[in-house]
Amino acid sequence: QVQLVETGGGLVQAGGPLRHCCAGSVRRVRRENIGWFRQGPGKEREFVADINWSGSYTYSRGHADSVVPRFTISGDNAKNSVYLQRSSLKPWVTAVYYCAARDATSSYYDYWGDGTQVTITS
């Protein structure tokens, strides 16, 4: 059973940095991909980014089209952790952030964390 725990939520002032951590219980054994998703107020959950065991990553199409990167995903295999971070926070960053795990050969995320709420304050 894979367990994922997100941290890094709370009230954060606009303009500052933000860093989420997703800690997985057995990623090192299963070598899963970890994805980050976000769900803004009144919106559907949307994909943000995904990273595999080797460190290769994929961002959502909206992120890839953006001139200025919105988020940065990275991983630390020794700590079974994956990070999502952004500098210069804007109000639209307010959302619940979830991490999820999938087998590298599948597009289906079958394990999810409970999510962490981030609220950007002005």
* Please lay out, stage by stage, how Arg86 and Thr72 fare under the test side-chain contact (heavy atoms from CB on, under 4.5 Å). => CA-CA 6 Å; Arg86 176 188 160 84; Thr72 300; over 6 Å; no

Could you tell me if the side chain of [Y] sits less than 4.5 Å from the side chain of [X], heavy atoms only?
X: Val48; Y: Leu84; result: yes
X: Asp50; Y: Tyr57; result: no
X: Trp36; Y: Val82; result: yes

Over all atoms of both residues, closest heavy-atom pair of [X] and [Y]:
X: Tyr98; Y: Asp114; answer: CE2-O, 3.5 Å
X: Ile34; Y: Cys99; answer: CG2-CB, 4.3 Å
X: Val93; Y: Leu89; answer: CG1-CD2, 3.9 Å
X: Cys22; Y: Leu4; answer: SG-CD2, 4.1 Å
X: Arg102; Y: Glu32; answer: O-CB, 3.3 Å

* Is the backbone N or O of Gly115 less than 3.5 Å from a side-chain atom of Glu6, with the two atoms forming a donor-acceptor pair by type? -> yes

* Thr94 side chain vs Thr119 backbone, donor-acceptor pair below 3.5 Å -> no

* Residue list, side-chain contact (heavy atoms from CB on, under 4.5 Å) with Ser88, at least two apart or on another chain -> Lys90

* Any side-chain donor-acceptor pair under 3.5 Å between Asn33 and Asn52? -> no

* Asked: Regarding Arg38 and Tyr97, is there a side-chain donor-to-acceptor distance under 3.5 Å anywhere?
  -> yes

Rounded distance [0.5 Å steps], [atom1] in [X] versus [atom2] in [Y]:
X: Ile51; Y: Thr58; atom1: CD1; atom2: OG1; value: 9.5 Å
X: Ile73; Y: Ser56; atom1: CD1; atom2: OG; value: 11.5 Å
X: Ser74; Y: Gln85; atom1: OG; atom2: CD; value: 5.5 Å

* Going through the distances and angles, do Val96 and Thr116 end up as a side-chain contact (heavy atoms from CB on, under 4.5 Å)? -> CA-CA 5 Å; Val96 179; Thr116 180; 6.0 Å; no

* Below 6.0 angstrom between ring centroids: does that apply to Phe47 and Tyr59? -> no

* Joint hydrophobic cluster, Trp92 plus Ile120, side-chain heavy atoms closer than 4.5 Å -> yes

* Asked: Would you call the rings of Trp112 and Phe37 parallel, tilted or perpendicular if under 30° counts as parallel and over 60° as perpendicular?
  -> tilted

